[in-house]
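Scroll down for the structure; my scribbles are underneath it.
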Protein chains: 2
Amino acid sequence: MDKRKRILESALKLFVEFGFHATPTSKIAKEAGIANGTLFYFFPTKDDLVIALYLDIKSQMMANAALEIENKTTLKEVLKDYYSASLNWAIKHKTKFRFIEQFTNSPYLNKIAEEEIQAHIQPIYKLLKQGIKNRVIQKLDIDMIFAMLSGHTFSINQYIITKDFSKNKQAKVIDDTFELLWKMLT
Amino acid sequence: MDKRKRILESALKLFVEFGFHATPTSKIAKEAGIANGTLFYFFPTKDDLVIALYLDIKSQMMANAALEIENKTTLKEVLKDYYSASLNWAIKHKTKFRFIEQFTNSPYLNKIAEEEIQAHIQPIYKLLKQGIKNRVIQKLDIDMIFAMLSGHTFSINQYIITKDFSKNKQAKVIDDTFELLWKMLT
DNA sequence: TGTATTACTGACTAAACAGTCAGCAAATCT
DNA sequence: AGATTTGCTGACTGTTTAGTCAGTAATACA
């Protein structure tokens with residue numbers, strides 16, 4: 001019913017399939033079952049729509065990861081929870097994740113303020129810094145550690161998606177790859 | 001002088017800056033200093049141009065990595081050479097690498113045959129399989145190992161590019177991160 | 001119930017676009 | 001030198017596009 005939401009959903013679907021610029025606003029409107037002009041009532045320009053969609057999905061990702069991180073004891077447990085929460089979300093919301101990938105690898109990214117991008121990685125940075133302080137994680141440049149962590153997560157997600165694992169096998173892969181990551185960082 | 005080359009160079013520059021669809025063929029022609037129609041003399045459609053550019057850069061990457069891999073003794077040395085050759089190439093050819101990233105994270109990728117994509121990863125697969133056989137590398141799914149290897153390489157490249165390291169520091173980062181990767185895989 | 005505000009419409013337009021084509025220029029062949 | 005092929009041109013076109021706007025429907029408010 002909510003037309004704004006319907007526009008975002010249709011845009012997501014079409015953007016991932018055809019790309020941002022190869023998807024006309026008219027097709028988004030049609031797919032959403034609304035009038036052409038309605039799209040511009042909610043989003044003044046097409047760019048506004050693309051960026052709104054990005055911020056919308058990004059905040060969903062953040063909410064998901066933040067939820068899972070509570071009430072754990074050791075750093076390893078916290079980090080593992082964060083890792084598997086991220087992966088499970090990406091697996092569950094393939095299209096949304098594809099969109100984020102596509103967006104962050106496009107010139108659109110420059111239209112987003114740096115702080116906006118940094119916002120959701122703050123908690124992990126804190127975690128990692130704490131780990132270094134406590135001599136659990138190797139004393140390396142924090143940005144380098146973060147790069148390895150996110151690169152690992154990202155590529156394991158790609159791996160899991162291309163294969164068509166059962167839920168159990170998926171969980172096992174997440175477990176195993178986290179142990180490997182942990183081995184590398186400690 | 002070679003107009004085909006000039007078109008490819010201009011297209012590369014503009015695609016990376018503005019994206020594929022946000023870059024009109026007319027601007028590419030202008031930037032290349034050639035007539036509008038000339039572009040279509042060499043590349044029947046814009047898609048043909050995009051794909052030709054991808055294949056061109058990809059073959060440059062392959063040639064570079066293949067060159068460096070010769071005459072090494074241990075698996076670790078070979079893999080390390082491959083790793084640093086890839087990273088050094090990416091650092092030296094930032095724009096080309098950005099293009100590959102953008103392309104592979106866009107719906108354009110579907111227009112490339114699967115074999116074409118697989119072609120250049122064959123030598124590494126062989127290397128990794130050999131490593132598993134010789135009990136040097138952990139006995140894990142080969143696709144998983146490859147995913148971790150490429151994810152690691154990719155993210156370390158991102159890391160090096162965002163920082164503005166000296167040549168020496170760059171080499172040190174490449175060395176250090178390879179050791180970490182090796183630690184994880186063995 | 002009447003009035004004001006907000007949500008939404010779809011026909012429309014000006015600009016931008018990929019691709020065409022008739023023809024010119026330069027090189028290659030005979 | 002003349003003929004033929006190949007490289008290249010840029011004005012042109014039919015189509016597609018983002019975005020507008022005058023107006024209608026629905027809701028809220030008095």
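Predicted model only: the values in this text are computed from it and were never measured. Lettering of chains follows the sequences in order, A, B, ..., and the numbering in each one begins at 1.
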Practice task
Using modelled atom types only, decide if a donor and an acceptor are shared between the side chain of A:Lys183 and the backbone of B:Lys183 within a distance under 3.5 Å.
Solution key: yes
Handout entry: NZ/NE/NH1/NH2 to OD/OE distance under 4.0 Å, B:Asp176 and B:Lys172
Key = yes
Problem - Residue pair A:Asp56 / A:Gln60, side-chain donor-acceptor N/O under 3.5 Å - result: yes
Exercise for the section: Verify whether the ring centers belonging to A:Phe99 and A:Phe20 lie closer than 6.0 Å. Expected result: yes
Exercise for the section: With rounding to the nearest 0.5 Å, note down the distance linking CD1 in B:Ile51 to CD1 in B:Ile112. Expected result: 5.0 Å
Completion exercise
With five pairs defining each end axis, the helix from C:dT1-D:dA30 to C:dT30-D:dA1 comes out bent, to 10°, by 10°
Exercise for the section: Mind calculating the distance between CG (B:Asp2) and P (D:dG7) to the nearest angstrom? Expected result: 11 Å
Fill in the blank from the handout: Its contact letters, B for base, S for sugar-phosphate only and - for none at protein heavy atoms under 4.0 Å, make nucleotides 7-23 of chain C read BBBB------SBBB---
Handout entry: Short side-chain donor-acceptor distance under 3.5 Å, B:Tyr159 and B:Thr177
Key = no
Practice task
Decide, yes or no, whether a salt bridge links A:Glu101 with A:Arg98 under the criterion of side-chain N to carboxylate O below 4.0 Å.
Solution key: yes
Problem - From CA spacing to verdict: side-chain hydrogen bond (donor to acceptor under 3.5 Å, both in side chains), B:Lys129, B:Tyr125 - result: CA-CA 6 Å; B:Lys129 271 181 191 163; B:Tyr125 263 79; over 6 Å; no
